[in-house]
Number of protein chains: 2
Amino acid sequence: MDALTDDEVDALFRALADRTRRDIVARVIDAEQSVSALAERYAMSFAAVQKHVSVLERASLVAKRRRGREQIVTADLAAVRRARAVLDVYEQLWRHRAAQIDALLAEG
Amino acid sequence: MDALTDDEVDALFRALADRTRRDIVARVIDAEQSVSALAERYAMSFAAVQKHVSVLERASLVAKRRRGREQIVTADLAAVRRARAVLDVYEQLWRHRAAQIDALLAEG
DNA sequence: CTAACGTGCAACCAAATGGTTGTACAAATG
DNA sequence: CATTTGTACAACCATTTGGTTGCACGTTAG
């Protein structure tokens, strides 16, 4: 569980901060599919979807695998879990602070 | 647990997609503090930090409370948990797909 | 009262984002 | 072979983002 760099966390959350990209992630979790198959589902150009997939790829949320002339997009849930781990740190900080407050109250 | 709108999820993840804002969240979880106290910690203008706090506020990750001339920034962990819940949906989809594959294999 | 402090906000700027169209090329199809 | 399909990539554009400075205004301290 090597720590993520700030850049990697930036890329992760930025990739998740777009509804089209979140939808793409959901779709490829459900069933891996080509970029063009994905593009058919959205009211935007193929190139736009291609860019979204590229953003997801740089965030490691998806990977691409070539199959003939198609590029198959697959989900990588490890990145989702890394994002969750970042949020869990906040939860930990929260509990730590709560514990400190309790300690202070008990002491006083 | 009313469902979040796409806009709200967008705002949540976008707010988290910046290291300064993530650091601000961590700091105010540890101890609530004024905007100017926060601003002292960063190599940028007060106005810049003010804007970051504003982004976090619109994402409900923090709240501001006035104390005299100061504006005290406090963490709202509920938003962190909402973000986690979004990620959990992906995990659920993943398990659902895995279960489907298992069922297919068992059937065959 | 005067000065300093903390904030709010507007104007401005460079860079990134999310979209477009057009071109090029490799792979599959007829 | 010629055509269609799927992809890659560049150029371009409008909007958003992340920063700046400057100014106004209420609040606290001397």
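Residue numbers begin at 1 in each chain, while the letters A, B, ... track the order of the sequences. No hydrogens, no waters, no symmetry mates; every other heavy atom, side chains included, goes into these values.
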Q: Starting from C1' on C:dG18, measure out to CG on B:D10 and report it in whole angstrom.
A: 12 Å
Q.
I want to check one thing: is the phosphate of C:dC9, taken as OP1 and OP2, less than 4.0 Å away from some side-chain N or O of B:Q50?
A. no
Q: Calculate the interatomic distance between A:D7 atom CG and C:dA16 atom C1'; express it in whole Å.
A: 14 Å
**Q.** N/O donor-acceptor pair under 3.5 Å between A:R66 side chain and A:Q71 backbone
**A.** no
Q | side chain to side chain contact (heavy atoms under 4.5 Å, CB included) partner of B:V53, chosen from B:L38, B:L61, B:V28 | A | B:L38
Q: Rounded to the nearest angstrom, tell me the gap between atom CZ in B:R65 and atom P in C:dG6.
A: 17 Å
Q. The side chain of B:V35 lies closest to which of these nucleotides: C:dG8, C:dT7, C:dG19?
A. C:dT7
Q: Quick one: which residue pairs count as a salt bridge (charged side-chain N to carboxylate O under 4.0 Å, His left out) with a foot in residues 69-79 of chain B, not counting sequence neighbours?
A: B:R67-B:E70
(Q) Classify B:S34 by what it touches in the nucleic acid, base, sugar-phosphate, or nothing, heavy-atom distance under 4.0 Å. (A) sugar-phosphate
Q. Between OG of A:S34 and NZ of A:K64, what distance do you get to the nearest 0.5 Å?
A. 11.5 Å
Q) In whole angstroms, how far is the P atom of D:dT16 from the CG atom of A:D18? A) 14 Å
**Q.** Gap between atoms CG and P, on B:L38 and C:dT7 respectively (whole Å)
**A.** 9 Å
Q: Find the distance A:Q33:CD to D:dT7:P and express it as a whole number of Å.
A: 11 Å
**Q.** Length of the CZ-P vector between A:R14 and C:dA15, whole Å
**A.** 16 Å
Q. According to a strict under-4.0 Å criterion, is B:R21 in side-chain N/O contact with OP1 or OP2 of D:dG18?
A. yes
Q | Nearest to side-chain heavy atoms of B:M44, which nucleotide of C:dG19, C:dT7, D:dG19 | A | D:dG19
**Q.** Whole-Å gap separating C1' (C:dG6) and NZ (B:K64)
**A.** 11 Å
Q | Cluster link B:V73 to B:L77, ILVMFWY, side chain under 4.5 Å | A | yes
**Q.** A:Y90 side-chain N/O to B:R22 backbone N/O, donor-acceptor pair under 3.5 Å
**A.** yes
(Q) Quick check: on DNA chain C, is the nucleotide nearest A:A43 upstream (toward 5') of the one nearest B:E70, or the reverse? Name the residue that is more 5'. (A) B:E70
Q. Which part of the nucleic acid, if any, lies within contact of B:R66, taking any heavy atom under 4.0 Å across all strands shown: a base, the sugar-phosphate backbone alone, or nothing?
A. sugar-phosphate
(Q) Measuring from atom CG of A:D7 to atom CG of A:L12, what distance do you get when rounded to the nearest 0.5 angstrom? (A) 11.5 Å
Give me the distances for all protein-to-nucleotides 11-15 of chain D N/O pairs that come in under 3.5 Å?
none

(Q) Which is more 5' along DNA chain C, the nucleotide nearest A:A47 or the one nearest B:A47? Just name the residue. (A) B:A47
Q: Report yes if a side-chain nitrogen or oxygen of A:S45 is closer than 4.0 Å to either non-bridging phosphate oxygen (OP1 or OP2) of C:dT20; otherwise report no.
A: yes
Q | Test: B:R21 cationic atom under 6.0 Å from B:F13 six-membered ring centre, within 45° of axis | A | no
Q.
Given the structure, check if the side chain of B:Q71 and the base of C:dG8 hold any donor-acceptor pair shorter than 3.5 Å.
A. no
Q.
By the 4.0 Å heavy-atom rule, please label B:S36 as base, sugar-phosphate, or nothing.
A. sugar-phosphate
Q | Nearest-nucleotide comparison on DNA chain D, the residue closer to the 5′ end among B:R67 and A:I72 | A | A:I72
Q) Under the 3.5 Å rule, do the base of D:dT7 and the side chain of A:R69 count as making a donor-acceptor pair? A) no
